[in-house]
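Below you'll find the structure, written out as structure tokens, and then a few comments.
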There are 2 protein chains.
Amino acid sequence: MSEETVVPSVPPARKQQQRSIVTQQKLLDAAVEAFSENGFKGTSTRDIAERAGVHHPLITYHFKNKDQLWRAAANHIFKAFTRSLAQSLEQNKDMCPKERMARMISAYVKYARSQPALHKVMVQEASYPNPRLDWLIERHLKPLFDATFGMLVELQKLGVAPPGDPALLFNMIRLSSGGLLALGNELKASSGIDVDSPETLDAISELIIKVFLPGEMPENWKQQTAA
Amino acid sequence: MSEETVVPSVPPARKQQQRSIVTQQKLLDAAVEAFSENGFKGTSTRDIAERAGVHHPLITYHFKNKDQLWRAAANHIFKAFTRSLAQSLEQNKDMCPKERMARMISAYVKYARSQPALHKVMVQEASYPNPRLDWLIERHLKPLFDATFGMLVELQKLGVAPPGDPALLFNMIRLSSGGLLALGNELKASSGIDVDSPETLDAISELIIKVFLPGEMPENWKQQTAA
DNA sequence: CACTTTTTTGTCCAAACTGGAGAAAACGAG
DNA sequence: CTCGTTTTCTCCAGTTTGGACAAAAAAGTG
């Protein structure tokens with residue numbers, strides 16, 4: 001009897017219908033887009049419903065209220081991103097640390113292009129202190145940071161990444177890729193950069209790697225991991 | 001240089017009063033802050049007036065309407081920034097190209113810290129295509145880009161900056177400094193970076209320079225500029 | 001199939017907020 | 001003191017806001 005139907009996970013007395021899932025998905029995608037463009041305050045639930053091509057009371061039905069919808073949207077986008085990142089890590093687990101990180105950066109650049117909202121949403125919320133930002137940090141950002149931090153420190157020890165605060169390094173890489181692609185609308189007109197071209201994406205990844213991972217791997221790096 | 005009558009459209013038959021100037025300034029500062037936090041659509045003129053501690057019809061009086069106020073606010077912030085940048089260039093015109101660019105980056109980092117709105121406003125407008133973005137690019141971004149582009153190309157020729165698309169390089173530097181500081185609210189909690197500490201600012205500048213201008217100046221660089 | 005739950009539709013609301021207008025008062029430069 | 005400049009106060013007409021709710025439609029289940 002609890003009204004805590006956060007999204008789709010309390011009492012499945014009966015199976016959730018397919019059209020319901022579709023509606024939720026459409027709403028989530030639309031919400032991500034709208035929130036990333038206009039921020040939480042600047043986005044109306046009606047705008048979201050319209051983008052999703054759905055009647056707006058469905059938001060109340062599926063997500064309770066605007067705040068819950070925002071959270072669900074954030075989970076939605078980070079879930080997809082985390083999956084993509086984990087996949088990259090899995091595929092390259094046998095590579096050397098530099099190559100592994102390089103491919104992770106490439107994967108990030110590609111993802112940021114297909115889903116610039118990932119970065120935009122964070123920027124929108126970070127533009128002034130608010131409870132959603134805290135939630136976002138604890139729930140999504142910190143885990144991501146923690147997972148990458150160790151890799152960067154290792155690369156510094158190996159002389160691949162430049163010395164300096166690894167936290168700064170991490171965020172600069174993040175901004176040079178995600179932040180850059182989030183500016184897509186601007187870059188073409190201001191600097192002649194076309195982020196829609198695959199060659200540009202490759203050039204971005206390449207440059208980031210060259211700049212942030214300039215060193216070569218030492219030849220004997222396997223020693224430390226070997227049994 | 002034509003003095004832009006950004007504010008009052010009619011020439012003053014009598015001198016502008018001091019309190020009027022103060023009001024305009026307060027409104028501009030408040031507008032910059034509000035627009036940078038919530039974007040154009042998400043900001044109301046009443047919100048701006050309230051932040052400025054001023055009655056809201058004064059916006060109509062001084063700036064005609066919301067759109068004009070936004071433009072005046074953009075001019076306001078870019079004017080201050082351009083002044084700060086020109087000052088850095090002037091002070092270091094006798095330095096070698098690398099040092100000149102390094103100090104410019106430092107100046108930018110410092111400015112971005114004291115006025116993170118500079119970057120935020122651009123991000124807000126770039127989040128979806130709109131006429132203000134076009135205006136911003138033509139009026140402020142492109143001139144800035146053009147002024148810096150040549151310096152970067154020269155540094156690449158000298159082997160100081162890494163090869164690759166200079167436009168990408170420019171924007172990565174911009175994001176690693178301005179974009180990073182615009183995330184100030186987030187960085188402390190997510191990565192333990194305190195952008196309020198002067199040491200952090202120095203570390204940021206230093207890292208950017210080390211990473212984006214890794215090469216040393218050749219000893220004979222004076223040849224080409226000497227008459 | 002009948003039945004019951006899930007999902008969608010259509011309508012409504014009360015309140016807040018929107019950008020802006022305009023008269024009149026207050027102020028200050030000359 | 002005079003008169004243009006600036007501010008205050010009040011008003012408005014329209015839109016938008018997030019959300020409530022009953023009833024209809026659709027679909028899973030036995």
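Below, read A as the first sequence line, B as the second, and so on, with proteins coming before strands; counting in each chain starts at 1. Because the structure is predicted, anything quoted here is derived from the model rather than measured.
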### Summary
Result for 5'-nearest mapping on DNA chain D, choosing between Q18(A) and L58(B), is L58(B)

### Query
Less than 4.0 Å between a side-chain N and a carboxylate O, is that true for R51(B) and E33(B)?
yes

#### Entry: Base dG19(D) to side chain H56(A), donor-acceptor N/O within 3.5 Å cut-off
yes

### Query
In terms of side-chain heavy atoms of P57(B), which of dT9(C), dG19(D), dA21(C) is nearest?
dA21(C)

### Query
Roughly, in whole Å, what's the span from NE2 in H62(B) to C1' in dG20(C)?
16 Å

### Task
Consider only side-chain N and O atoms of S191(B) and N171(A), and report whether a donor and an acceptor are under 3.5 Å apart.
yes

### Summary
T23(B) has its side chain closest, among dG20(C), dA21(C), dT7(D), to dT7(D)

### Message
Would you say T60(A) places a side-chain N or O within less than 4.0 Å of OP1 or OP2 belonging to dG19(D)?
### Response
no

## Note on the structure
Whole-Å distance, H55(A) NE2 to dA26(D) P, equals 13 Å

### Task
Could you tell me whether the phosphate oxygens of dT7(C), OP1 or OP2, come under 4.0 Å of any side-chain nitrogen or oxygen in S20(A)?
yes

### Query
Is the base of dG19(C) touched by the side chain of R46(B) through a donor-acceptor pair closer than 3.5 angstrom?
yes

### Summary
Separation of dT8(C) atom C1' from F63(A) atom CZ, nearest Å, is 15 Å

### Message
Starting the side chain at C-beta, find the nucleotide from dG20(C), dA26(C), dT7(C) nearest to Q16(A).
### Response
dT7(C)

### Task
Indicate, with yes or no, if the rings of F40(A) and Y128(A) have centres closer together than 6.0 Å.
no

### Query
Is any side-chain N or O of T45(B) closer than 4.0 Å to OP1 or OP2 of dG19(C)?
yes

